[in-house]
Number of protein chains: 2
Amino acid sequence: MRRDIFQAIADPTRRAIITLIALQAMTPNAIAENFNTTRQSVSKHLRILTECELVKPEQQGREIYYSLEIEKMKEIDKWLNQFRKIWETRFNQLDNVLSTIKKQKK
Amino acid sequence: MRRDIFQAIADPTRRAIITLIALQAMTPNAIAENFNTTRQSVSKHLRILTECELVKPEQQGREIYYSLEIEKMKEIDKWLNQFRKIWETRFNQLDNVLSTIKKQKK
DNA sequence: TATATGTGCAACTATTTGGTTTCGCAAATT
DNA sequence: AATTTGCGAAACCAAATAGTTGCACATATA
C-alpha cells in the first residue's frame with residue numbers, strides 16, 4: 001500500500017478536492033456536493049489524501065472539516081526543481097543555437 | 001484511456017525514467033539496465049510517457065532514443081502555481097492569526 | 001428517549017495497471 | 001544468406017483501484 005503524493009494527485013477527482021479545500025476547510029458532504037459523486041466516494045479519496053498527509057481532518061462536533069496541508073504540496077515543487085535547472089540552461093542553449101544560425105547566415 | 005501527466009508521474013519507475021533521460025536521450029535497453037526490470041516493462045512505461053507527450057522517441061538505425069520533453073514538465077509547475085500563491089500569502093495570514101490571538105488574550 | 005444527521009469502514013464489483021511471456025519485424029553483423 | 005540484436009505489440013495474470021451499497025457509531029435535535 002504505497003501512498004505517496006504523486007499517486008495521490010494522479011486522480012482528477014482528488015486534484016479537484018485539493019483545489020476545492022485549498023482556500024477553506026470543508027466537510028465530506030460539502031465536498032461531495034461539488035462533484036457528481038457520492039459522499040462515500042469522496043470519503044475514500046479523503047482517506048487516501050489523509051494517509052499521505054496532504055490533507056488534515058479536524059473534528060468539530062459531529063462534522064469533520066478537511067483542510068489542505070499546503071506544506072506537503074511543496075514536495076512536488078521540490079521534485080520539479082531538478083528539471084527547473086534544465087529549463088533554465090535550455091534557454092542558454094537556445095541562445096547558442098540562435099547565434100550559430102546567425103553565424104551561418106553570414 | 002485518459003493519459004495525463006499526473007497519472008504518468010504517479011508511478012515511481014516512470015519518475016525514475018524521467019530523471020534518467022532528463023539529461024540525455026537513452027534507448028529502452030539502456031534504461032532497463034538501470035532498474036531491476038525487463039526491457040518490455042520499460043517499453044510499456046515509455047509508451048505511456050510517449051502517449052502523454054512527456055517523452056519523445058527518435059529512431060536511429062535500429063535503436064530508438066527517448067528524450068524528455070522538458071516543456072511538458074512545466075504543466076505540472078503551472079498546476080502548482082495556484083497553491084504557490086497560497087503558500088506565499090500564508091505568511092501574511094499567520095501574522096493575522098498571531099495578532100488575533102494576542103487580542104483575545106487581552 | 002427517540003429520531004435525524006454526519007461520518008468512517010467493510011464487503012463487493014468492474015476496471016485499470018504493472019509485469020511477464022511470446023511473437024514478429026527491421027536493422028546490423030557474420 | 002543466415003544469425004544476432006533492438007524493438008513494439010498482443011495475450012495473459014495478479015494486484016491495485018474507484019465506486020457502490022450497507023452498516024455501525026457518535027453527535028445533534030425533537
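Side chains included, hydrogens not; waters and symmetry mates left out as well; all remaining heavy atoms used. Residue numbers start from 1 in every chain, and the chains themselves are labelled A, B, ... in the order their sequence lines are given, proteins ahead of strands. Remember, predicted model here, so these are calculated numbers, not experimental data.
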*Tell me, yes or no, whether the heavy-atom count around A:K72 atom NZ, taken from other residues, nucleotides or ligands under 6.0 Å, exceeds 12.*
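Counting neighbours around NZ of A:K72, more than 12 heavy atoms of other residues, nucleotides or ligands fall under 6.0 Å, so yes.
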
When the distance from [atom1] of [X] to [atom2] of [N] is rounded to whole Å, what number comes out?
X	N	atom1	atom2	value
B:Y65	C:dA27	OH	C1'	14 Å
A:D11	C:dT15	CG	C1'	13 Å
A:L49	D:dA18	CG	P	10 Å
B:H45	D:dA9	NE2	C1'	16 Å
B:Q7	D:dA16	CD	C1'	13 Å
B:N29	D:dG8	CG	P	9 Å
B:R15	C:dG18	CZ	P	12 Å
B:Q59	C:dC25	CD	C1'	11 Å

Record whether the side chain of [X] comes under 3.5 Å of the base of [N] through a donor-acceptor pair of N or O atoms.
X	N	result
B:K44	C:dG19	yes
A:Q40	D:dG22	yes
B:R14	C:dG18	no
A:R62	C:dT5	yes

*Side chain of B:R39 only, please: which of C:dG8, C:dG18, D:dC7 is the nearest?*
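When the side chain of B:R39 is considered, D:dC7 is the closest of C:dG8, C:dG18, D:dC7.
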
*A:T13, nearest nucleotide to its side chain (from D:dG19, C:dT20, C:dG8)*: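 Nucleotide nearest to A:T13's side chain: D:dG19.
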
*Hey, could you give me the CD1/CG distance between B:I76 and B:N81, rounded to the nearest 0.5 Å?*
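Going from CD1 on B:I76 over to CG on B:N81, the span is 12.5 Å.
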
*asked:* I need the B:L54 CG to B:I48 CD1 distance, nearest 0.5 Å.
replied: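 The distance works out to 11.5 Å.
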
*With sugar-phosphate meaning primed atoms plus P, OP1 and OP2, does A:E63 contact a base, only sugar-phosphate, or nothing at under 4.0 Å between heavy atoms?*
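Answer is sugar-phosphate: A:E63 comes under 4.0 Å of backbone atoms only.
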
*Using a heavy-atom cut-off of under 4.0 Å over every strand shown, decide if B:I48 touches base, sugar-phosphate, or nothing.*
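Contact class for B:I48: sugar-phosphate only.
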
Examine [N]: is either OP1 or OP2 under 4.0 Å from a nitrogen or oxygen in the side chain of [X]? Give yes or no.
X	N	result
B:T27	D:dG6	no
A:S43	C:dG8	yes
A:S41	D:dA18	no

*asked:* So which atom in A:A8 and which in A:R14 form the shortest heavy-atom distance, rounded to 0.1 Å?
replied: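 Closest approach of A:A8 to A:R14, heavy atoms only: O-NE, 2.7 Å.
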
*Got a donor-acceptor contact below 3.5 angstrom from the B:T50 side chain to the B:L46 backbone?*
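Pair found, side chain donor or acceptor close to backbone of B:L46.
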
*Does A:T37 or A:Q60 map to a spot on DNA chain D nearer the 5' end, using the closest nucleotide for each?*
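Mapping each residue to its closest nucleotide by heavy atoms, the 5'-most match is A:T37.
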
